[in-house]
Each structure stands twice: as C-alpha cells, then as structure tokens.
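For ligands, and for the atoms within them, numbers begin at 1 and follow the listed sequence.
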Amino acid sequence: MDEKIERLLSWIDKSQKIVFLGGAGVSTDSGIADFRSSTGLYSGDFRDAYGQARAEEILSGGYLKRFPERFYRFYFENLIFPGAKPNIVHCTLARLEQIGKLSAVVTQNIDGLHESAGSRRVLCLHGSSASNTCMKCGQKYSLADIQNMGVPPKCICDGIVRPDVVLFGESLDAEVMSESAECISNADMLIVGGTSLAVFPAAMFVQYYRGEKFVIINRDATPYDMAARLVIREPLGEVFGAVERYIDEFYGR
Ligand code: OAD
C-alpha cells in the first residue's frame, strides 16, 4: 500500500489537470449506501413492498410514470439523505481544485456532496437530486420543496414533479457528457474512485483519457483495472487521508 500511495502522491505532485471520476463509493463514508457492494442498495429485496419490482426497475423513468407514489416512497427512503455531510474524499478533492491541481470532478452521484464540500466544477453525469421539474409545466423545485409536498410531489398545476436525475432507460444530458469527455481527454491524470464502472455510458468515459497516469482506487475489482497504471484496492478514506497530509505539508492547511 505505501509504495502505491507514494506513486499516487508523486503523480499528483506532477499534475495540474487532474480529473476525478467517481461514484457511490465516494459517499459511503458519509453514510450513503452504494448500489453493488454486498451491502449495497441492489442487494436488498424490495419485491413485496414494490409489486415484485427490483430496485433497478423502480429507479426507471417508466416506473416513475406508472407508479409515481411507489417510486417516490423508494426514492425518499433509499436515495435521499438530508443529514449526510461531505467526508474526507469530497473535502480533499475540493482542496486539490483550490490549489490548482484538479480541473473537474465527474460524478455519477446525485447527492450534491462535492458541491457542499466546496468543489466548483462538478459534472453530474446522472443529474442531481437538488433540482426537480414539474413534468406538466416545467416549474422548478428544490429538494426541500418536494420533501414538503407529500408523495408523489405535485406542482401547483397538478402535474407530478420529477427529480432532475437520470433514471434507468433515460439518456444522459448531452452537454454534461461532452464537457466531461473534454475534461477527461485534456486531463494529465485520471483518478477513478468508488465506482464499479458497471454502468454505461458513465463507465465508458475512462476511455477518453489519453495520458499515462490512470489510477483506480476502489475496494472491489473493476472491468478497467487492466487498463489502469495504478490500482489501489483500499478504502478511499485512507487513501485520501494520505492526499490530505500531502496537501497540508506542501500547501499549508
Ligand atoms: P456501485 O455501487 O456500482 O459501485 C461502488 C463501488 O465503490 C464498489 O465497487 C465498491 O467496492 C466501492 N466502494 C464503496 N465504498 C468504498 C470505499 N469507502 N472505499 C473504496 N471503495 C468503495 O456504484 P456506482 O459505480 O456509482 O445510477 O454505480 C453507478 C450507477 O449505478 C449509479 O450512479 C446509479 C446506479 O444504478 C443511477 O441511479 C442512474
């Protein structure tokens, strides 16, 4: 581990345009479950409560339209964590940006914790739970607004309000995709962390990286481990603890 961490820190030291591509594993230390770990959301059995549907089916655009009340019950219970706070990974990534080393965070998470930690350029491939839109009239609502509207949340025009997140069966936002691809192809280092890289097209974004410093930090193996130059299968909190100490030492607290 120490040798790998040294390599990671020496690459960070030499880089000015790092991109971090992350997923649910970044937020597990904030108390938010991931999806595909043994304790992840997709290991749960919700079939009785949700008419035989699996979590992946419930989180689809089609299910939201057919069963808005059930969708929202699941969404509020399993994907929204109002008390969650950024952890050391979010905070250290924000500091890497502040000291001029990191150009963007590209995330599959919808929890807004990178923004809360102070990261300025955050590209949310799967949208954000912070923003919501009436499916009938397009009126925008905050998360707090829809939490106070009942289930399913309804607009003043009586339309159902949906979260601005990308559900299964829906396309990613074209602008976010092209900006993410551009950032990654211009990056001088790519750190992938806390993602199984199992979901497309998000996983495909690693292929835009053209440099020599491709790192994967993830507890479980991913399909791209062979392509990475450095694979660290350790808890992100420990690895980013070392990055935080590097920043403290060379850039001050
Ligand atoms: P996954 O649950 O598929 O993968 C999370 C990965 O993070 C796993 O491989 C874990 O081993 C790893 N992990 C968890 N905690 C960790 C920690 N503290 N340190 C190191 N590694 C850790 O989550 P995603 O790849 O983000 O999409 O899933 C992608 C998409 O699938 C999500 O955005 C969501 C889901 O369906 C939508 O909801 C549209």
Give the intermediate values and the outcome of side-chain hydrogen bond (donor to acceptor under 3.5 Å, both in side chains) for residues Gln98 and Tyr251.
CA-CA 10 Å; Gln98 280 151 21; Tyr251 293 86; over 6 Å; no
Contact between Gly40 and ligand 1, counting heavy atoms under 4.0 Å?
no
For ligand 1, is there an atom lying under 4.0 Å from some heavy atom of Ser37?
yes
Do any heavy atoms of Leu59 fall under 4.0 Å from ligand 1?
no
Considering only protein heavy atoms, which is closest to atom 29 (C) of ligand 1, and at what distance to one decimal place?
Gln108 OE1, 3.1 Å
Out of Val26, Ile32, Val122, which residue meets the side chain to side chain contact (heavy atoms under 4.5 Å, CB included) rule with Leu113?
Ile32
Could you check whether Phe71 and Phe67 have their ring centres less than 6.0 Å apart?
no
Among Phe240, Phe35, Phe200, closest by any non-hydrogen atom to atom 38 (O) of ligand 1
Phe35
I'd like to know if the side chain of Asp34 pairs up with that of Thr28 as donor and acceptor (distance under 3.5 Å, no hydrogens or angles considered).
no
Side-chain donor or acceptor of Ser119 paired with backbone N/O of Arg121 under 3.5 Å
no
Would Glu56 count as a contact residue for ligand 1, given that I'm defining contact as a non-hydrogen atom of the residue lying under 4.0 Å from a ligand atom?
no
Which ligand 1 atoms are under 4.0 Å away from a heavy-atom of Phe168?
36 (O)
In this structure, does ligand 1 have an atom that sits under 4.0 Å from one of the heavy atoms of Gly194?
yes
Pick whichever of Val26, Asn109, Asn218, Ile232 has a heavy atom sitting closest to atom 12 (C) of ligand 1.
Asn218
May I ask you to check whether Thr195 and Gln108 show a side-chain donor-acceptor distance below 3.5 Å?
yes
Can you tell me if Lys101 and Ser15 form a side-chain donor-acceptor pair at under 3.5 Å?
no
